[in-house]
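Treat the numbers as computed from the prediction; the structure is a model and nothing was measured.
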Amino acid sequence: MGLVSDGLERAVQKAFTRPIPKSAGAQMRYLVKQLKGTRAVAALLGVSQRTVERYVKDQIRRPRPDLAERLADAVRARWQPRVREQARRQAATSTGIIIDTRARFGFTAAPGSTDDARIRHLTLALPPAFAARLFDAQQAGASEQQLRAITAEGLGEAYFRDGGRRAHGLEVEFTDVEQLDFDL
């Protein structure tokens, strides 16, 4: 994944109302219930069906590090789908999304002008329309570059153009991202 898609996923996970299961057995049982069988879980994780059954029965307690990571990622991706969707819908319709970033920002301008790109640290709220575009693009399988373009457009509108009231005709560039966090 990338900075923007990971950041959006972390923001949605902050809305969870219950913690994700910690033990490997509980995580396996959750996946078996979600995917309706041990065969589907085994195929998802790249292990044998018998291995999944042994985790479900707590005969194996500690998975290999690579399996533990795949298991946790699979559970996290499926955890509380209704809460996840509600958080996305709320951000897309009413609250918007908060972006905290440290990146190189600049305008399309003549070389040597005062609009040359420079590192800025910004924390600001993107309007719900941009949150909706980001979530829709993410669900449609947009690339990291496309998500960055939407984020840059939103940052340009909210910060540099003050909601369209100033700096008309300038194009915001969003490169060299050092930090990017989202919050709903």
Side-chain angles (χ1 to χ4, degrees), residues 1-101 103 126-154 174 177-184:
M1 297 197 112
L3 278 173
V4 177
S5 54
D6 289 347
L8 289 171
E9 192 59 35
R10 281 191 312 271
V12 169
Q13 289 174 10
K14 290 178 186 175
F16 289 165
T17 57
R18 292 186 327 233
I20 294 173
K22 300 253 187 260
S23 74
Q27 290 176 344
M28 281 290 188
R29 285 187 287 279
Y30 176 76
L31 283 178
V32 167
K33 186 175 179 182
Q34 289 296 304
L35 298 176
K36 297 178 179 25
T38 56
R39 184 174 294 158
V41 176
L44 174 72
L45 298 174
V47 296
S48 70
Q49 185 175 358
R50 179 68 186 130
T51 300
V52 173
E53 291 167 356
R54 291 174 65 202
Y55 276 107
V56 167
K57 293 178 183 176
D58 284 329
Q59 292 173 345
I60 304 175
R61 296 190 186 270
R62 290 208 167 89
R64 303 182 315 266
D66 61 321
L67 177 59
E69 187 176 331
R70 288 194 314 263
L71 179 60
D73 289 345
V75 170
R76 197 176 304 111
R78 290 166 178 77
W79 189 248
Q80 293 192 329
R82 285 184 274 181
V83 172
R84 181 184 303 264
E85 184 55 38
Q86 180 183 2
R88 285 186 182 128
R89 190 176 35 241
Q90 182 179 359
T93 58
S94 61
T95 60
I97 194 165
I98 306 287
I99 294 183
D100 180 46
T101 186
L126 284 187
F130 284 102
R133 285 181 55 198
L134 277 169
F135 285 125
D136 289 345
Q138 183 187 33
Q139 287 184 330
S143 69
E144 180 68 16
Q145 196 59 33
Q146 292 168 320
L147 293 174
R148 281 187 182 207
I150 295 169
T151 304
E153 188 179 339
F174 178 59
V177 180
E178 295 178 6
Q179 165 207 343
L180 183 67
D181 291 316
F182 292 90
D183 199 9
L184 300 178

For [Y], does its backbone N or O pair with a side-chain atom of [X] as donor and acceptor, under 3.5 Å?
X: R84; Y: V12; value: no
X: W79; Y: R18; value: yes
X: Y30; Y: R78; value: yes

Starting at [atom1] of [X], measure out to [atom2] of [Y] and round the result to the nearest 0.5 Å.
X: R133; Y: T151; atom1: CZ; atom2: OG1; result: 9.5 Å
X: F135; Y: R89; atom1: CZ; atom2: CZ; result: 12.0 Å
X: L126; Y: E153; atom1: CG; atom2: CD; result: 10.5 Å
X: T38; Y: L31; atom1: OG1; atom2: CG; result: 12.0 Å
X: Q49; Y: T51; atom1: CD; atom2: OG1; result: 10.0 Å

Write down the atom of [X], the atom of [Y], and the distance for their closest heavy-atom approach.
X: F130; Y: I150; answer: CD2-O, 4.1 Å
X: A15; Y: A87; answer: CB-CB, 3.7 Å
X: E144; Y: L3; answer: OE2-N, 3.1 Å
X: S23; Y: A26; answer: OG-N, 3.1 Å
X: L44; Y: A74; answer: CD2-CB, 3.8 Å

Item to complete: Return yes when atom CD of Q34 has more than 12 non-hydrogen atoms of other residues, nucleotides or ligands closer than 6.0 Å, and no otherwise.
Response: yes
Worksheet item: Taking everything shown except Q59 itself, do over 12 heavy atoms lie less than 6.0 Å from its CD?
Response: yes
Are the charged groups of [X] and [Y] less than 4.0 angstrom apart, N to O?
X: R88; Y: D136; value: no
X: D6; Y: R10; value: no
X: D73; Y: R76; value: yes

Item to complete: Decide yes or no for D58 and R29: does some side-chain heavy atom of the first lie under 4.5 Å from some side-chain heavy atom of the second?
Response: yes
Item to complete: Would you please test V47 and Y55 for side chain to side chain contact (heavy atoms under 4.5 Å, CB included) and show each step?
Response: CA-CA 11 Å; V47 296; Y55 276 107; over 6 Å; no
Fill in: With I60, the side-chain contact (heavy atoms from CB on, under 4.5 Å) member among M28, R54, E53
R54
